2 protein chains.
Amino acid sequence: MATYKTRAQFVADDLRGRILGGEFKGGTQLRQDALANDYDVSRIPVREALLTLESEGLVEFHAHRGAFTTELSVAKIRELFDLRVLLETYVLRHAINGLTDADLKKAEDILLKYDKALNSGGDIDNWSEYNFAFHQALYAPAELPETLSLISQLNTKSDRYIRMQLVYTQEIEKAEQEHHGLLELARQGDADKACELLKTHIQEACEGIVALLEERAKQPETS
Amino acid sequence: MATYKTRAQFVADDLRGRILGGEFKGGTQLRQDALANDYDVSRIPVREALLTLESEGLVEFHAHRGAFTTELSVAKIRELFDLRVLLETYVLRHAINGLTDADLKKAEDILLKYDKALNSGGDIDNWSEYNFAFHQALYAPAELPETLSLISQLNTKSDRYIRMQLVYTQEIEKAEQEHHGLLELARQGDADKACELLKTHIQEACEGIVALLEERAKQPETS
DNA sequence: ATTTTGCACACTGTATACAAACTGCAATGA
DNA sequence: TCATTGCAGTTTGTATACAGTGTGCAAAAT
(Lines give C-alpha, C1' and ligand atoms only; values in the text may rest on other atoms or scores of the structure.)
Protein backbone atom coordinates (compact mmCIF):
# COMPACT_ATOMS: atom_id res chain seq x y z
CA MET A 1 0.00 0.00 0.00
CA ALA A 2 2.62 2.48 1.08
CA THR A 3 4.98 1.25 -1.60
CA TYR A 4 5.88 4.47 -3.37
CA LYS A 5 5.64 4.50 -7.10
CA THR A 6 8.41 6.82 -8.10
CA ARG A 7 11.55 7.99 -6.36
CA ALA A 8 10.56 11.60 -6.96
CA GLN A 9 7.33 11.07 -5.01
CA PHE A 10 9.14 9.34 -2.20
CA VAL A 11 11.66 12.15 -1.89
CA ALA A 12 8.90 14.77 -2.04
CA ASP A 13 6.91 13.07 0.72
CA ASP A 14 9.87 12.55 2.98
CA LEU A 15 11.34 15.97 2.41
CA ARG A 16 7.99 17.59 3.07
CA GLY A 17 7.94 15.84 6.41
CA ARG A 18 11.42 17.10 7.22
CA ILE A 19 10.56 20.67 6.31
CA LEU A 20 7.29 20.63 8.23
CA GLY A 21 9.11 19.02 11.14
CA GLY A 22 11.31 22.08 11.35
CA GLU A 23 14.58 20.50 10.31
CA PHE A 24 15.45 23.49 8.15
CA LYS A 25 15.12 27.03 9.29
CA GLY A 26 13.47 29.49 6.95
CA GLY A 27 15.48 30.55 3.95
CA THR A 28 18.06 27.78 4.02
CA GLN A 29 19.19 26.49 0.68
CA LEU A 30 18.42 22.90 -0.16
CA ARG A 31 21.37 21.62 -2.16
CA GLN A 32 20.32 19.11 -4.74
CA ASP A 33 23.54 17.15 -4.50
CA ALA A 34 23.30 16.75 -0.76
CA LEU A 35 19.68 15.61 -0.94
CA ALA A 36 20.53 13.22 -3.75
CA ASN A 37 23.16 11.66 -1.49
CA ASP A 38 20.74 11.56 1.44
CA TYR A 39 18.25 9.54 -0.53
CA ASP A 40 20.77 7.70 -2.66
CA VAL A 41 19.22 8.83 -5.90
CA SER A 42 20.31 11.14 -8.67
CA ARG A 43 19.52 14.83 -8.74
CA ILE A 44 16.69 14.39 -11.26
CA PRO A 45 14.08 13.01 -8.85
CA VAL A 46 15.33 15.48 -6.24
CA ARG A 47 14.64 18.37 -8.59
CA GLU A 48 11.19 17.02 -9.35
CA ALA A 49 10.47 16.65 -5.65
CA LEU A 50 11.57 20.23 -5.05
CA LEU A 51 9.28 21.42 -7.83
CA THR A 52 6.39 19.63 -6.17
CA LEU A 53 7.21 21.24 -2.86
CA GLU A 54 7.47 24.60 -4.58
CA SER A 55 3.91 24.25 -5.80
CA GLU A 56 2.92 23.56 -2.20
CA GLY A 57 4.59 26.73 -1.05
CA LEU A 58 7.22 25.07 1.12
CA VAL A 59 10.13 25.93 -1.12
CA GLU A 60 11.06 28.66 -3.58
CA PHE A 61 13.18 28.30 -6.68
CA HIS A 62 15.51 31.06 -7.79
CA ALA A 63 16.75 30.41 -11.29
CA HIS A 64 20.30 29.11 -11.33
CA ARG A 65 20.55 29.60 -7.60
CA GLY A 66 18.51 26.71 -6.37
CA ALA A 67 15.72 26.00 -3.94
CA PHE A 68 15.28 27.68 -0.57
CA THR A 69 12.82 26.90 2.17
CA THR A 70 10.20 29.59 2.52
CA GLU A 71 9.52 31.64 5.59
CA LEU A 72 6.20 33.35 6.15
CA SER A 73 5.78 36.83 7.54
CA VAL A 74 3.32 37.43 10.34
CA ALA A 75 1.07 39.23 7.84
CA LYS A 76 1.02 36.19 5.57
CA ILE A 77 0.32 33.84 8.44
CA ARG A 78 -2.63 35.98 9.43
CA GLU A 79 -3.82 35.97 5.86
CA LEU A 80 -3.59 32.21 5.62
CA PHE A 81 -5.58 31.71 8.78
CA ASP A 82 -8.21 34.21 7.66
CA LEU A 83 -8.54 32.23 4.45
CA ARG A 84 -8.90 29.04 6.44
CA VAL A 85 -11.73 30.60 8.40
CA LEU A 86 -13.42 31.69 5.21
CA LEU A 87 -13.10 28.38 3.40
CA GLU A 88 -13.54 25.99 6.31
CA THR A 89 -16.68 27.62 7.62
CA TYR A 90 -17.92 27.59 4.03
CA VAL A 91 -17.51 23.84 3.63
CA LEU A 92 -18.63 23.05 7.16
CA ARG A 93 -21.85 24.89 6.49
CA HIS A 94 -22.34 22.90 3.31
CA ALA A 95 -21.45 19.63 4.96
CA ILE A 96 -23.36 19.87 8.17
CA ASN A 97 -26.79 19.04 6.81
CA GLY A 98 -25.62 16.04 4.88
CA LEU A 99 -23.71 14.44 7.75
CA THR A 100 -24.69 10.81 8.15
CA ASP A 101 -24.28 8.74 11.28
CA ALA A 102 -21.40 7.00 9.60
CA ASP A 103 -19.67 10.32 8.99
CA LEU A 104 -20.10 11.36 12.59
CA LYS A 105 -18.88 8.01 13.82
CA LYS A 106 -15.80 8.26 11.67
CA ALA A 107 -14.95 11.71 12.99
CA GLU A 108 -15.51 10.55 16.55
CA ASP A 109 -13.29 7.53 16.06
CA ILE A 110 -10.44 9.72 14.95
CA LEU A 111 -10.99 11.97 17.91
CA LEU A 112 -11.08 9.19 20.49
CA LYS A 113 -8.08 7.53 18.97
CA TYR A 114 -6.07 10.66 19.43
CA ASP A 115 -7.42 11.28 22.90
CA LYS A 116 -6.00 7.92 23.85
CA ALA A 117 -2.66 8.58 22.23
CA LEU A 118 -2.56 11.90 24.03
CA ASN A 119 -3.07 10.35 27.45
CA SER A 120 -0.36 7.78 26.98
CA GLY A 121 2.44 10.25 26.49
CA GLY A 122 1.19 11.92 23.35
CA ASP A 123 3.16 12.30 20.22
CA ILE A 124 2.99 15.71 18.66
CA ASP A 125 4.60 14.52 15.47
CA ASN A 126 1.45 13.10 14.00
CA TRP A 127 -0.92 15.57 15.57
CA SER A 128 -1.12 17.41 12.27
CA GLU A 129 -2.37 14.31 10.55
CA TYR A 130 -4.96 13.56 13.19
CA ASN A 131 -6.09 17.15 13.23
CA PHE A 132 -6.41 17.27 9.49
CA ALA A 133 -8.12 13.88 9.32
CA PHE A 134 -10.70 14.99 11.85
CA HIS A 135 -11.50 18.20 10.02
CA GLN A 136 -11.65 16.39 6.70
CA ALA A 137 -14.03 13.83 8.13
CA LEU A 138 -16.42 16.63 8.98
CA TYR A 139 -15.95 18.37 5.66
CA ALA A 140 -16.06 15.38 3.33
CA PRO A 141 -19.87 15.11 3.05
CA ALA A 142 -19.96 18.56 1.45
CA GLU A 143 -18.57 16.86 -1.66
CA LEU A 144 -16.55 19.88 -2.66
CA PRO A 145 -13.25 18.34 -3.71
CA GLU A 146 -11.73 21.51 -5.14
CA THR A 147 -12.49 23.38 -1.97
CA LEU A 148 -11.04 20.64 0.19
CA SER A 149 -7.95 20.72 -1.95
CA LEU A 150 -7.52 24.44 -1.34
CA ILE A 151 -8.01 23.92 2.37
CA SER A 152 -5.41 21.19 2.28
CA GLN A 153 -2.98 23.59 0.61
CA LEU A 154 -3.54 26.19 3.28
CA ASN A 155 -3.03 23.63 6.00
CA THR A 156 0.22 22.48 4.50
CA LYS A 157 1.54 26.01 4.31
CA SER A 158 0.63 26.81 7.90
CA ASP A 159 1.51 23.42 9.34
CA ARG A 160 5.06 24.30 10.36
CA TYR A 161 3.83 27.16 12.49
CA ILE A 162 1.07 25.15 14.10
CA ARG A 163 3.58 22.52 15.16
CA MET A 164 5.87 25.16 16.50
CA GLN A 165 3.11 26.50 18.67
CA LEU A 166 2.20 23.06 19.96
CA VAL A 167 5.77 22.42 21.00
CA TYR A 168 6.10 25.60 23.00
CA THR A 169 2.63 25.90 24.45
CA GLN A 170 0.33 23.22 25.72
CA GLU A 171 -2.65 23.99 23.57
CA ILE A 172 -3.37 20.50 22.38
CA GLU A 173 -5.82 19.71 25.15
CA LYS A 174 -7.69 22.89 24.42
CA ALA A 175 -7.84 22.08 20.74
CA GLU A 176 -9.10 18.60 21.57
CA GLN A 177 -11.89 20.04 23.68
CA GLU A 178 -12.88 22.34 20.87
CA HIS A 179 -12.91 19.39 18.52
CA HIS A 180 -15.30 17.57 20.81
CA GLY A 181 -17.47 20.67 20.95
CA LEU A 182 -17.40 20.95 17.19
CA LEU A 183 -18.45 17.34 16.80
CA GLU A 184 -21.33 17.80 19.21
CA LEU A 185 -22.62 20.89 17.39
CA ALA A 186 -22.30 19.06 14.09
CA ARG A 187 -24.31 16.20 15.51
CA GLN A 188 -27.02 18.65 16.51
CA GLY A 189 -26.91 20.18 13.05
CA ASP A 190 -26.37 23.66 14.44
CA ALA A 191 -24.46 25.20 11.56
CA ASP A 192 -24.25 28.73 12.95
CA LYS A 193 -22.80 27.75 16.28
CA ALA A 194 -20.50 25.17 14.73
CA CYS A 195 -19.09 27.71 12.30
CA GLU A 196 -18.67 30.22 15.07
CA LEU A 197 -16.71 27.72 17.15
CA LEU A 198 -14.64 26.72 14.16
CA LYS A 199 -13.85 30.35 13.49
CA THR A 200 -12.57 31.04 16.99
CA HIS A 201 -10.78 27.67 16.99
CA ILE A 202 -8.76 28.76 13.96
CA GLN A 203 -8.33 32.37 15.00
CA GLU A 204 -7.05 31.54 18.45
CA ALA A 205 -4.50 29.17 17.02
CA CYS A 206 -3.39 31.99 14.75
CA GLU A 207 -3.04 34.45 17.59
CA GLY A 208 -1.04 31.95 19.57
CA ILE A 209 1.37 31.51 16.72
CA VAL A 210 1.70 35.22 16.10
CA ALA A 211 2.36 35.87 19.77
CA LEU A 212 5.05 33.22 19.77
CA LEU A 213 6.70 34.60 16.65
CA GLU A 214 6.70 38.15 17.90
CA GLU A 215 8.12 37.11 21.22
CA ARG A 216 10.81 35.17 19.48
CA ALA A 217 11.59 38.12 17.21
CA LYS A 218 12.58 40.16 20.23
CA GLN A 219 15.24 37.73 21.29
CA PRO A 220 18.52 37.51 19.42
CA GLU A 221 19.57 34.25 17.86
CA THR A 222 19.88 31.64 20.58
CA SER A 223 21.75 28.98 18.68
CA MET B 1 12.56 41.54 -19.96
CA ALA B 2 10.69 38.64 -21.45
CA THR B 3 13.90 36.68 -21.79
CA TYR B 4 13.00 33.42 -20.13
CA LYS B 5 15.37 32.15 -17.55
CA THR B 6 15.14 28.43 -17.96
CA ARG B 7 13.92 26.20 -20.74
CA ALA B 8 11.56 24.46 -18.35
CA GLN B 9 9.83 27.74 -17.60
CA PHE B 10 9.58 28.61 -21.25
CA VAL B 11 8.03 25.27 -22.09
CA ALA B 12 5.64 25.55 -19.16
CA ASP B 13 4.48 29.01 -20.17
CA ASP B 14 4.03 28.14 -23.82
CA LEU B 15 2.39 24.80 -23.15
CA ARG B 16 0.01 26.39 -20.69
CA GLY B 17 -1.04 28.76 -23.43
CA ARG B 18 -1.62 25.89 -25.82
CA ILE B 19 -3.69 23.96 -23.32
CA LEU B 20 -5.75 26.98 -22.35
CA GLY B 21 -6.15 27.81 -26.02
CA GLY B 22 -7.89 24.49 -26.47
CA GLU B 23 -5.30 22.78 -28.63
CA PHE B 24 -5.70 19.53 -26.73
CA LYS B 25 -9.02 18.02 -25.88
CA GLY B 26 -9.55 16.78 -22.36
CA GLY B 27 -7.77 13.60 -21.41
CA THR B 28 -5.27 13.52 -24.25
CA GLN B 29 -1.84 12.26 -23.40
CA LEU B 30 1.05 14.67 -23.69
CA ARG B 31 3.99 12.64 -24.90
CA GLN B 32 7.24 13.91 -23.52
CA ASP B 33 9.22 12.96 -26.57
CA ALA B 34 6.90 14.81 -28.93
CA LEU B 35 6.94 17.94 -26.80
CA ALA B 36 10.71 17.74 -26.52
CA ASN B 37 10.90 17.74 -30.30
CA ASP B 38 8.41 20.58 -30.57
CA TYR B 39 10.54 22.81 -28.40
CA ASP B 40 13.87 21.37 -29.45
CA VAL B 41 14.89 20.53 -25.91
CA SER B 42 15.42 17.29 -24.04
CA ARG B 43 12.70 15.57 -22.04
CA ILE B 44 14.02 16.85 -18.70
CA PRO B 45 12.73 20.43 -19.00
CA VAL B 46 9.55 19.04 -20.55
CA ARG B 47 8.95 16.86 -17.52
CA GLU B 48 9.56 19.79 -15.21
CA ALA B 49 7.15 21.93 -17.20
CA LEU B 50 4.52 19.21 -16.99
CA LEU B 51 5.01 19.01 -13.22
CA THR B 52 4.44 22.74 -12.99
CA LEU B 53 1.27 22.46 -15.03
CA GLU B 54 0.16 19.56 -12.85
CA SER B 55 0.37 21.79 -9.81
CA GLU B 56 -1.82 24.29 -11.67
CA GLY B 57 -4.40 21.62 -12.35
CA LEU B 58 -4.06 21.63 -16.12
CA VAL B 59 -2.44 18.23 -16.34
CA GLU B 60 -2.45 14.97 -14.39
CA PHE B 61 0.39 12.52 -13.99
CA HIS B 62 -0.20 8.79 -13.83
CA ALA B 63 2.89 6.98 -12.69
CA HIS B 64 4.71 5.27 -15.55
CA ARG B 65 1.93 6.25 -17.91
CA GLY B 66 2.62 9.91 -18.39
CA ALA B 67 0.78 13.20 -18.31
CA PHE B 68 -2.77 13.78 -19.51
CA THR B 69 -4.67 17.00 -19.87
CA THR B 70 -7.43 17.32 -17.31
CA GLU B 71 -11.09 17.74 -18.02
CA LEU B 72 -13.46 19.24 -15.50
CA SER B 73 -16.92 17.94 -14.78
CA VAL B 74 -19.82 20.35 -14.67
CA ALA B 75 -19.95 19.90 -10.90
CA LYS B 76 -16.31 20.91 -10.56
CA ILE B 77 -16.76 23.92 -12.80
CA ARG B 78 -19.65 25.04 -10.64
CA GLU B 79 -17.52 24.52 -7.56
CA LEU B 80 -14.68 26.57 -8.99
CA PHE B 81 -16.95 29.46 -9.84
CA ASP B 82 -18.58 29.34 -6.41
CA LEU B 83 -15.11 29.57 -4.91
CA ARG B 84 -14.32 32.51 -7.14
CA VAL B 85 -17.42 34.28 -5.87
CA LEU B 86 -16.44 33.58 -2.29
CA LEU B 87 -12.83 34.69 -2.62
CA GLU B 88 -13.22 37.54 -5.06
CA THR B 89 -16.01 39.26 -3.15
CA TYR B 90 -13.87 38.77 -0.06
CA VAL B 91 -10.89 40.62 -1.51
CA LEU B 92 -12.98 43.22 -3.27
CA ARG B 93 -14.59 44.10 0.03
CA HIS B 94 -11.18 44.43 1.61
CA ALA B 95 -9.80 46.44 -1.27
CA ILE B 96 -12.61 48.84 -1.92
CA ASN B 97 -11.94 51.22 0.93
CA GLY B 98 -8.26 51.52 0.24
CA LEU B 99 -8.63 52.25 -3.48
CA THR B 100 -6.61 55.30 -4.43
CA ASP B 101 -7.20 57.46 -7.47
CA ALA B 102 -4.15 55.88 -9.02
CA ASP B 103 -5.62 52.41 -8.55
CA LEU B 104 -8.88 53.44 -10.14
CA LYS B 105 -7.09 55.09 -13.00
CA LYS B 106 -5.06 51.98 -13.64
CA ALA B 107 -8.15 49.79 -13.75
CA GLU B 108 -9.89 52.25 -16.04
CA ASP B 109 -6.91 52.36 -18.39
CA ILE B 110 -7.00 48.62 -18.77
CA LEU B 111 -10.69 48.74 -19.43
CA LEU B 112 -10.52 51.48 -22.05
CA LYS B 113 -7.62 49.84 -23.75
CA TYR B 114 -9.61 46.70 -24.21
CA ASP B 115 -12.71 48.58 -25.28
CA LYS B 116 -10.67 50.01 -28.09
CA ALA B 117 -9.24 46.65 -29.07
CA LEU B 118 -12.74 45.24 -29.04
CA ASN B 119 -14.10 47.86 -31.44
CA SER B 120 -11.33 47.35 -33.92
CA GLY B 121 -12.06 43.70 -34.58
CA GLY B 122 -11.42 42.35 -31.12
CA ASP B 123 -9.08 39.56 -30.32
CA ILE B 124 -10.43 37.01 -27.94
CA ASP B 125 -7.05 35.40 -27.46
CA ASN B 126 -5.83 37.89 -24.93
CA TRP B 127 -9.17 38.64 -23.37
CA SER B 128 -8.27 36.38 -20.46
CA GLU B 129 -5.24 38.50 -19.70
CA TYR B 130 -7.14 41.77 -19.92
CA ASN B 131 -9.94 40.37 -17.81
CA PHE B 132 -7.58 39.12 -15.18
CA ALA B 133 -5.52 42.32 -15.21
CA PHE B 134 -8.62 44.41 -14.63
CA HIS B 135 -9.82 42.30 -11.73
CA GLN B 136 -6.35 42.24 -10.21
CA ALA B 137 -6.12 46.02 -10.47
CA LEU B 138 -9.23 46.29 -8.34
CA TYR B 139 -8.08 43.64 -5.90
CA ALA B 140 -4.45 44.67 -5.49
CA PRO B 141 -4.99 47.35 -2.84
CA ALA B 142 -6.34 44.71 -0.45
CA GLU B 143 -2.73 43.61 -0.07
CA LEU B 144 -3.66 39.98 0.34
CA PRO B 145 -1.07 38.23 -1.80
CA GLU B 146 -1.95 34.69 -0.74
CA THR B 147 -5.58 35.27 -1.51
CA LEU B 148 -4.78 36.76 -4.90
CA SER B 149 -2.63 33.75 -5.59
CA LEU B 150 -5.53 31.40 -4.86
CA ILE B 151 -7.80 33.48 -7.09
CA SER B 152 -5.21 33.28 -9.81
CA GLN B 153 -5.17 29.50 -9.48
CA LEU B 154 -8.92 29.31 -9.80
CA ASN B 155 -8.84 31.55 -12.85
CA THR B 156 -6.23 29.40 -14.52
CA LYS B 157 -8.25 26.28 -13.96
CA SER B 158 -11.44 27.78 -15.31
CA ASP B 159 -9.83 29.78 -18.10
CA ARG B 160 -10.27 27.16 -20.81
CA TYR B 161 -13.99 27.08 -20.27
CA ILE B 162 -14.35 30.83 -20.18
CA ARG B 163 -12.61 31.10 -23.54
CA MET B 164 -14.80 28.40 -24.94
CA GLN B 165 -17.88 30.32 -23.93
CA LEU B 166 -16.57 33.55 -25.43
CA VAL B 167 -15.95 31.85 -28.74
CA TYR B 168 -19.43 30.44 -29.03
CA THR B 169 -21.48 33.22 -27.51
CA GLN B 170 -21.03 36.93 -27.77
CA GLU B 171 -20.86 37.74 -24.11
CA ILE B 172 -17.80 39.92 -24.18
CA GLU B 173 -19.72 43.16 -24.56
CA LYS B 174 -21.91 42.26 -21.64
CA ALA B 175 -18.88 41.46 -19.51
CA GLU B 176 -17.32 44.77 -20.50
CA GLN B 177 -20.42 46.63 -19.42
CA GLU B 178 -20.37 44.84 -16.09
CA HIS B 179 -16.73 45.77 -15.70
CA HIS B 180 -17.59 49.43 -16.22
CA GLY B 181 -20.37 49.12 -13.68
CA LEU B 182 -18.01 47.47 -11.24
CA LEU B 183 -15.48 50.23 -11.65
CA GLU B 184 -18.12 52.88 -11.04
CA LEU B 185 -19.37 51.21 -7.86
CA ALA B 186 -15.78 50.84 -6.70
CA ARG B 187 -15.24 54.53 -7.31
CA GLN B 188 -18.29 55.30 -5.18
CA GLY B 189 -16.98 52.98 -2.49
CA ASP B 190 -20.22 50.99 -2.40
CA ALA B 191 -18.87 47.64 -1.30
CA ASP B 192 -22.22 45.87 -1.00
CA LYS B 193 -23.44 46.72 -4.47
CA ALA B 194 -20.04 46.11 -6.00
CA CYS B 195 -19.82 42.65 -4.45
CA GLU B 196 -23.35 41.88 -5.55
CA LEU B 197 -22.54 42.82 -9.12
CA LEU B 198 -19.29 40.86 -9.02
CA LYS B 199 -21.19 37.85 -7.77
CA THR B 200 -23.73 37.86 -10.56
CA HIS B 201 -20.95 38.65 -13.05
CA ILE B 202 -19.19 35.45 -12.10
CA GLN B 203 -22.28 33.33 -11.67
CA GLU B 204 -23.72 34.25 -15.04
CA ALA B 205 -20.48 33.38 -16.74
CA CYS B 206 -20.64 30.02 -15.00
CA GLU B 207 -24.20 29.35 -16.10
CA GLY B 208 -23.30 30.25 -19.65
CA ILE B 209 -20.48 27.74 -19.64
CA VAL B 210 -22.57 25.02 -18.06
CA ALA B 211 -25.33 25.55 -20.61
CA LEU B 212 -22.84 25.30 -23.42
CA LEU B 213 -21.29 22.12 -22.04
CA GLU B 214 -24.61 20.44 -21.50
CA GLU B 215 -25.77 21.33 -24.95
CA ARG B 216 -22.61 19.99 -26.40
CA ALA B 217 -22.94 16.79 -24.38
CA LYS B 218 -26.15 15.99 -26.22
CA GLN B 219 -24.52 16.07 -29.60
CA PRO B 220 -22.29 13.24 -30.73
CA GLU B 221 -18.71 13.96 -31.68
CA THR B 222 -18.70 16.34 -34.61
CA SER B 223 -15.10 16.05 -35.63
C1' DA C 1 -13.74 -19.99 -30.44
C1' DT C 2 -12.08 -18.20 -26.37
C1' DT C 3 -8.74 -17.54 -23.05
C1' DT C 4 -4.02 -17.32 -21.63
C1' DT C 5 0.79 -16.70 -21.97
C1' DG C 6 4.74 -14.62 -23.65
C1' DC C 7 7.24 -11.44 -26.16
C1' DA C 8 8.35 -7.14 -28.49
C1' DC C 9 7.63 -2.37 -28.65
C1' DA C 10 6.98 2.16 -26.78
C1' DC C 11 7.12 5.25 -23.36
C1' DT C 12 8.16 6.81 -18.88
C1' DG C 13 11.48 7.28 -14.89
C1' DT C 14 16.27 7.81 -13.50
C1' DA C 15 21.43 7.85 -13.71
C1' DT C 16 25.34 9.85 -15.66
C1' DA C 17 27.76 13.40 -18.12
C1' DC C 18 28.27 17.95 -19.78
C1' DA C 19 27.32 23.07 -20.25
C1' DA C 20 26.08 27.32 -18.28
C1' DA C 21 25.43 30.44 -14.57
C1' DC C 22 26.35 32.32 -10.09
C1' DT C 23 29.67 33.23 -5.98
C1' DG C 24 33.58 34.64 -3.74
C1' DC C 25 38.17 35.89 -3.57
C1' DA C 26 42.27 37.77 -5.26
C1' DA C 27 44.75 40.78 -8.10
C1' DT C 28 44.82 45.11 -10.39
C1' DG C 29 43.83 49.86 -10.91
C1' DA C 30 42.32 54.46 -9.45
C1' DT D 1 41.73 52.58 0.91
C1' DC D 2 38.22 51.32 -1.97
C1' DA D 3 36.18 49.88 -6.21
C1' DT D 4 36.58 46.88 -10.28
C1' DT D 5 37.81 43.15 -13.04
C1' DG D 6 39.02 38.46 -13.85
C1' DC D 7 39.40 33.87 -12.66
C1' DA D 8 38.53 29.44 -10.24
C1' DG D 9 35.37 26.67 -7.78
C1' DT D 10 30.81 25.28 -6.87
C1' DT D 11 26.10 24.53 -7.98
C1' DT D 12 22.43 24.54 -10.94
C1' DG D 13 20.21 23.44 -15.56
C1' DT D 14 20.04 20.29 -19.48
C1' DA D 15 21.38 16.59 -22.84
C1' DT D 16 22.27 11.94 -23.50
C1' DA D 17 22.02 7.17 -22.26
C1' DC D 18 20.09 3.42 -19.81
C1' DA D 19 16.66 0.82 -16.88
C1' DG D 20 12.08 -0.32 -15.71
C1' DT D 21 7.19 -0.50 -16.44
C1' DG D 22 2.97 -0.72 -19.05
C1' DT D 23 0.54 -2.05 -23.52
C1' DG D 24 -0.89 -4.66 -27.26
C1' DC D 25 -0.60 -8.27 -30.43
C1' DA D 26 0.29 -12.85 -31.67
C1' DA D 27 0.87 -17.55 -30.84
C1' DA D 28 -0.38 -21.47 -28.13
C1' DA D 29 -3.33 -24.13 -25.22
C1' DT D 30 -7.85 -25.63 -23.56
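Since the model is a prediction, treat every value here as computed from it, not as a measurement. Scope of the values below: all heavy atoms of this structure, side chains included, with no hydrogens, waters or symmetry mates. Chain letters run A, B, ... following the sequence lines, proteins first and then strands; every chain starts at 1.
- If you take NZ of B/Lys5 and P of D/dT12, they are 17 Å apart, rounded to a whole angstrom.
- If you take CG of B/Asp33 and P of D/dA15, they are 13 Å apart, rounded to a whole angstrom.
- If you take OH of A/Tyr39 and P of C/dT14, they are 15 Å apart, rounded to a whole angstrom.
- Using a cut-off of 4.0 Å between Lys/Arg side-chain N and Asp/Glu carboxylate O, A/Lys105 and A/Asp109 are scored as salt-bridged.
- Listed by chain and number, the residues in a side chain to side chain donor-acceptor pair (under 3.5 Å) with B/Glu129 amount to none (sequence neighbours excluded).
- Between A/Arg78 and A/Glu207, at least one side-chain nitrogen of the basic residue sits less than 4.0 Å from a carboxylate oxygen of the acidic one, meeting the salt-bridge criterion.
- With sequence neighbours excluded, no residue forms a side chain to side chain donor-acceptor pair (under 3.5 Å) with B/Asp33.
- You'll find that the side chain of A/Ser42 is closest to C/dA15, out of D/dT12, C/dA15, C/dC11.
- The ring pair (Phe, Tyr, Trp, His ring centres under 6.0 Å) test applied to A/Phe61 returns no partner, not counting sequence neighbours.
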Nucleotides 17-23 of chain D: protein proximity per nucleotide (B base, S sugar-phosphate only, - neither; heavy atom, under 4.0 Å): ----SSS

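- For DNA chain D, no neighbouring residue in residues 54-61 of chain B is found when judged by any heavy atom under 4.0 Å.
- Under a cut-off of 6.0 angstrom, the local environment of CD in A/Glu23 is crowded, with over 12 non-hydrogen atoms contributed by other residues, nucleotides or ligands.
- Residue B/Gln29 has no polar side-chain atom (N or O) positioned under 4.0 Å from OP1 or OP2 of C/dC11.
- When rounded to the nearest whole Å, the span between CZ of A/Phe68 and C1' of D/dT12 equals 11 Å.
- Seen from the ring of B/Tyr168, B/Arg163 does not count as a face-on cation partner, given the 6.0 Å and 45° thresholds.
- For the residue pair B/Asn155 / B/Ser152, no side-chain donor-acceptor distance below 3.5 Å is found, with atom types taken as modelled.
- At a non-hydrogen distance threshold of 4.0 Å, B/Pro45 from residues 45-53 of chain B come into contact with DNA chain D.
- Side-chain N/O atoms of B/Gln9 include none lying less than 4.0 angstrom from OP1 or OP2 on D/dG13.
- For B/Gln32 and C/dG13, the shortest distance from a side-chain N or O to OP1 or OP2 is below 4.0 Å.
- A/Lys157 and B/Glu146 are joined by a salt bridge, as a carboxylate oxygen and a charged side-chain nitrogen come within less than 4.0 angstrom of each other.
- When only modelled atom types and interatomic distance are considered, B/Asp159 and B/Thr156 share no side-chain donor-acceptor pair under 3.5 Å.
- Shown here is B/Gln29, whose CD atom has more than 12 heavy atoms of other residues, nucleotides or ligands within 6.0 Å.
- Rounding to whole angstrom units, CZ of residue A/Arg31 and P of D/dG9 are separated by 17 Å.
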